[in-house]
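Everything below concerns the one structure shown next.
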Amino acid sequence: MSRPTTIDLKDFRQPVVTSLGIILGFLLGFLGQWVTEESFALKGLGDMLTFIGSIVGALLLFTALFRMLSPSVLPEHALGMYRSVLRLYLAGVIVPLSCILISAFL
């Protein structure tokens, strides 16, 4: 079975943008609620790791969203672009989650 060399990006764009919006909403909501607390302070290594991991994850997800919404992608380059966006997307989810999990044990 051979792999396709081109894809129709419009079939993938809407679900990726929707899921990026949901994940970014939760991540920014978490950060927004955390940093607006009166007692907010980065007191230890765990807090720093969570904060930096969340910021890096949000930046990765915003980059993936920007690349997914770029309108001018030639059909022969769509598969490669989708794969790079998928890597950014997965990194944007894995980085904050792993930082939060690691900080729980510090």
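This one's a predicted model, so the numbers in the text were calculated from it and none came from an experiment.
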Solution key, residues 20-48 side-chain donor-acceptor pairs under 3.5 Å, sequence neighbours excluded:
residue : atom : partner : partner atom : Å
T36     : OG1  : G32     : O            : 2.7
T36     : OG1  : Q33     : O            : 3.3
D47     : OD2  : K43     : N            : 3.2

What side-chain donor-acceptor pairs closer than 3.5 Å can you find for residues 91-106, not counting sequence neighbours?
residue : atom : partner : partner atom : Å
S98     : OG   : I94     : O            : 2.8
S98     : OG   : V95     : O            : 3.0
S103    : OG   : T50     : OG1          : 2.9
S103    : OG   : C99     : O            : 3.3
S103    : OG   : I100    : O            : 2.8

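Sequence neighbours left out, the pairs with a member in residues 13-32 that pass side chain to side chain donor-acceptor pair (under 3.5 Å) are Q14-T18, S19-Y89.
Not counting sequence neighbours, the partners of R67 by the side-chain hydrogen bond (donor to acceptor under 3.5 Å, both in side chains) test are S84. With sequence neighbours left out, T63 forms a side-chain hydrogen bond (donor to acceptor under 3.5 Å, both in side chains) with no residue at all.
Hydrophobic clustering keeps M81 apart from L60 (ILVMFWY residues linked when any side-chain heavy atoms are closer than 4.5 Å, directly or through intermediates). Cluster membership for V56 and L65, using ILVMFWY side-chain heavy atoms within less than 4.5 angstrom, is not shared. Clustering ILVMFWY residues whenever any of their side-chain heavy atoms sit less than 4.5 angstrom apart, transitively, puts L88 in a cluster other than the one holding L69. A single hydrophobic cluster is seen to contain both L86 and V16, as judged by linkage of ILVMFWY side chains at heavy-atom distances under 4.5 Å, directly or through other members.
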